[in-house]
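Computed from heavy atoms alone, side chains included, the values below leave out hydrogens, waters and symmetry copies. In what follows, chains carry the letters A, B, and so on, assigned in the order in which the sequence lines appear, proteins first and then strands, with residues in each chain numbered from 1.
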Protein chains: 2
Amino acid sequence: MRQLSKRTQYSLRALYALTRKYGAGPVLISNLSKDEVIPKKFLEQILVSLKGAGFVSSKKGKGGGYLLAQPPEEITIGSVIRAVEGPLAPLPCASETRFRKCDECVDIETCGTRIVMRRVRDAMSEILDETTLAAVCREVDLAKNASSGQDRQT
Amino acid sequence: MRQLSKRTQYSLRALYALTRKYGAGPVLISNLSKDEVIPKKFLEQILVSLKGAGFVSSKKGKGGGYLLAQPPEEITIGSVIRAVEGPLAPLPCASETRFRKCDECVDIETCGTRIVMRRVRDAMSEILDETTLAAVCREVDLAKNASSGQDRQT
DNA sequence: GACAATCACTACTAAACTAGTATACTTACA
DNA sequence: TGTAAGTATACTAGTTTAGTAGTGATTGTC
């Protein structure tokens with residue numbers, strides 16, 4: 001299956017960073033760019049579209065920057081991917097949120113590939129629409145503790 | 001997530017067709033192309049690569065054509081997608097079969113996106129590596145019967 | 001052994017998409 | 001009113017997709 005674009009990876013990375021700073025005021029693009037190693041100009045574009053999608057909001061002028069527009073417990077990875085990348089389903093005709101008959105299939109109900117891809121979509125949605133930014137950050141922290149714990153043991 | 005390419009869709013469609021003709025000798029490219037509405041020259045390329053991957057074999061000259069090289073119960077949708085499209089995982093660093101550290105992530109063990117995408121990969125593999133060409137064709141037949149049954153009822 | 005049927009190989013192309021860069025602008029705080 | 005921010009628009013090099021075109025290599029049949 002095709003891969004997540006850099007744009008999506010950067011979007012998620014930026015959002016994780018904003019999750020960690022949630023409640024502590026706006027974060028500068030330049031800092032985000034430096035900390036997360038994302039080309040600044042590209043990040044600007046990405047943040048503008050994340051703003052358009054309602055995930056972040058911005059403050060102009062001195063003391064400005066970006067911050068999450070919703071609590072990180074309410075932003076799911078699935079919604080971010082959909083906003084940046086498009087539907088989760090591997091085929092438009094297997095999409096729940098943005099269904100579109102594909103050019104090819106004659107009979108939608110009896111298209112073998114669609115039957116299978118519906119299942120794939122459902123499985124993906126079950127994971128991605130249940131996982132929030134906050135949950136991912138928690139898991140990352142756990143993983144970090146686990147690995148540093150191991151380090152200490154050796 | 002990104003969509004299945006036409007190439008993959010055509011590959012699967014061609015393989016379903018060959019599944020239906022399994023055991024009945026070679027099928028002509030021209031017939032496959034006509035029946036499945038796939039541009040002939042493009043289909044030729046696709047079949048050559050499916051042959052390279054070991055899914056089909058061919059016979060040249062008069063009376064020649066293409067046929068499945070393995071029983072349709074033994075070819076999984078996952079293996080076809082992997083051969084045509086590449087790894088199932090949405091990120092190279094989340095792939096089981098073709099793992100590759102991605103340019104971006106500093107620490108693989110504590111990359112949030114990777115943690116989630118590993119799960120997605122596993123879920124996809126569970127479906128795609130368990131579903132065979134034969135199974136898809138059976139399901140399509142069931143769906144066809146069901147819908148024609150409904151037609152009769154009205 | 002000629003001929004026709006059939007797959008095989010190589011090269012080309014137009015359009016779309018990706019991952020950016022560059023330049024100029026607007027807003028807001030002090 | 002200066003300057004630290006984000007905003008908007010446009011451009012570009014490289015890659016991928018979905019083909020098309022033309023020629024070459026085998027093989028079965030008469």
Side-chain angles (χ1 to χ4, degrees), chain A residues 1-14 18 21 25-34 36-53 55-69 81 84-87 90-92 102-104, chain B residues 1-14 18 21 25-34 36-53 55-69 81 84-87 90-92 102-104:
Chain A
M1 226 68 82
R2 271 262 262 350
Q3 291 174 0
L4 244 42
S5 62
K6 294 241 181 202
R7 194 182 178 93
T8 306
Q9 296 183 57
Y10 290 157
S11 298
L12 289 171
R13 279 234 302 276
L18 293 180
K21 304 266 168 82
V27 179
L28 296 185
I29 292 187
S30 345
N31 290 349
L32 259 185
S33 156
K34 232 180 299 164
E36 300 299 323
V37 201
I38 303 173
K40 192 179 164 191
K41 278 302 200 176
F42 195 20
L43 179 58
E44 283 180 13
Q45 287 179 22
I46 288 170
L47 287 169
V48 166
S49 61
L50 290 178
K51 187 183 172 186
F55 297 119
V56 301
S57 54
S58 62
K59 235 191 116 188
K60 279 189 178 179
K62 212 170 175 179
Y66 275 93
L67 55 156
L68 287 189
I81 292 182
V84 179
E85 193 106 341
L91 289 178
C102 55
D103 322 331
E104 303 302 329
Chain B
M1 224 69 84
R2 250 63 120 320
Q3 290 173 3
L4 244 44
S5 62
K6 293 242 182 201
R7 195 183 178 93
T8 306
Q9 296 183 55
Y10 291 157
S11 297
L12 289 171
R13 279 236 302 278
L18 293 180
K21 303 266 169 82
V27 179
L28 296 185
I29 294 187
S30 344
N31 289 350
L32 259 185
S33 158
K34 232 180 298 165
E36 300 298 323
V37 199
I38 302 172
K40 190 179 164 189
K41 278 302 203 176
F42 196 21
L43 179 59
E44 282 179 17
Q45 286 180 20
I46 289 171
L47 287 169
V48 167
S49 60
L50 290 178
K51 186 182 173 185
F55 298 120
V56 301
S57 53
S58 63
K59 237 191 115 187
K60 278 190 177 178
K62 211 169 178 179
Y66 274 94
L67 55 158
L68 287 189
I81 292 181
V84 179
E85 194 105 340
L91 289 178
C102 53
D103 324 331
E104 303 302 329

TODO: Whole angstrom is fine here: how far is it from NZ in A/Lys6 over to P in C/dA19?
DONE: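 Checked: the NZ to P distance equals 7 Å.
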Open item on the list: Can you measure A/Ile38 atom CD1 to C/dT21 atom P for me and round it to whole angstrom units?
Closed with: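 Going from CD1 in A/Ile38 over to P in C/dT21 covers 13 Å.
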- [ ] Please state how far atom CD in B/Gln9 lies from atom P in D/dG19, giving the value in whole angstrom units.
- [x]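 The distance from CD of B/Gln9 to P of D/dG19 comes to 10 Å, rounded to the nearest Å.
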Open item on the list: With a 4.0 Å cutoff (strictly under), does any side-chain N or O of A/Tyr66 reach OP1 or OP2 of D/dA5?
Closed with: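 Checking A/Tyr66 against D/dA5: no side-chain N or O falls below 4.0 Å of OP1 or OP2.
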TODO: Using a 4.0 Å heavy-atom cut-off across all strands, classify A/Leu47 as base, sugar-phosphate, or nothing.
DONE: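 A/Leu47: no heavy atom of the nucleic acid under 4.0 Å.
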- [ ] Output yes when at least one side-chain N/O atom of A/Tyr10 is less than 4.0 Å from OP1 or OP2 of C/dG20, else no.
- [x]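 Yes.
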Open item on the list: Between the base of D/dT26 and the side chain of B/Lys62, is one N or O donor paired with an acceptor at under 3.5 angstrom?
Closed with: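 Not at all, since no donor on one side and acceptor on the other fall under 3.5 Å apart.
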Open item on the list: If you compare every side-chain N and O of B/Ser58 against the phosphate oxygens of C/dT6 (OP1, OP2), does one of them come in below 4.0 Å?
Closed with: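 No, no such contact exists.
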TODO: Specify the separation, in whole Å, of atom CG of A/Leu32 and atom C1' of D/dA4.
DONE: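 After rounding, the gap between these two atoms is 16 Å.
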TODO: Could you tell me whether a side-chain N or O of A/Ser33 sits under 3.5 Å from a main-chain N or O of A/Ile38, the two making a donor and an acceptor?
DONE: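 Judged by distance alone, yes, a pair lies under 3.5 Å.
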- [ ] May I have the distance from A/Glu44 (atom CD) to C/dC25 (atom P), rounded to whole angstrom?
- [x]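 Whole-Å distance recorded here is 16 Å.
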Task: Minimum heavy-atom distance A/Pro26-A/Gly63, with the two atoms named - done: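 A/Pro26 and A/Gly63 have their closest heavy atoms at CG-O, 3.6 Å.
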Open item on the list: Looking only at side-chain N and O atoms, does B/Ser5 offer a donor or acceptor that is under 3.5 Å from a partner on B/Thr8?
Closed with: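 B/Thr8 vs B/Ser5: donor-acceptor pair found between side chains.
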Open item on the list: Measure CZ/B/Phe42 against C1'/C/dA15 and give the value in whole Å, please.
Closed with: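 That distance rounds to 14 Å.
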Open item on the list: Any base atoms under 4.0 Å from B/Lys40, or only sugar-phosphate, or nothing? Heavy atoms, all strands.
Closed with: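 No contact at all - B/Lys40 keeps every heavy atom at 4.0 Å or more from the nucleic acid.
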- [ ] Rounded to the nearest angstrom, tell me the gap between atom NZ in B/Lys60 and atom C1' in D/dT27.
- [x]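 To the nearest whole Å, that distance equals 9 Å.
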Open item on the list: Using a distance-only criterion (donor-acceptor N/O pair, under 3.5 Å, no hydrogens), is the base of D/dT9 paired with the side chain of A/Gln45?
Closed with: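 No such pair is found, so the answer is no.
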Open item on the list: Using whole Å, what does the distance between atom P of nucleotide C/dT6 and atom CG of B/Leu43 come to?
Closed with: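 Nearest whole value for this atom pair: 15 Å.
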Open item on the list: Show the nearest heavy-atom pair for residues B/Val27 and B/Leu32, with the distance to one decimal.
Closed with: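 Looking at all heavy atoms of both residues, the closest pair is CG1-CG, 4.0 Å.
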Task: A/Leu28 or B/Gly61, whichever maps to the more 5' nucleotide of DNA chain D - done: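 Closer to the 5' end of DNA chain D: A/Leu28.
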Open item on the list: Side-chain N or O of B/Lys59 versus OP1/OP2 of C/dA5: is the shortest distance under 4.0 Å?
Closed with: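 For B/Lys59, the contact criterion (side-chain N or O under 4.0 Å from OP1 or OP2 of C/dA5) is not met.
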Task: Sidechain-backbone polar pair: A/Glu44 side chain, A/Ile29 backbone, donor-acceptor under 3.5 Å - done: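 No, A/Glu44 side chain to A/Ile29 backbone: no donor-acceptor pair under 3.5 Å.
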- [ ] Could you check whether B/Val27 gets within reach of a base, just the sugar-phosphate, or nothing at all, counting any heavy atom under 4.0 Å?
- [x]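 Counting heavy atoms under 4.0 Å across all strands, the contact made by B/Val27 is with sugar-phosphate only.
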Task: Touch class at under 4.0 angstrom, heavy-atom based, for B/Lys41 against every strand present - done: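 Base contact.
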Task: Of A/Pro39 and B/Gly63, the one whose closest DNA chain C nucleotide lies more 5' - done: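 Counting from the 5' end, the first nearest nucleotide belongs to B/Gly63.
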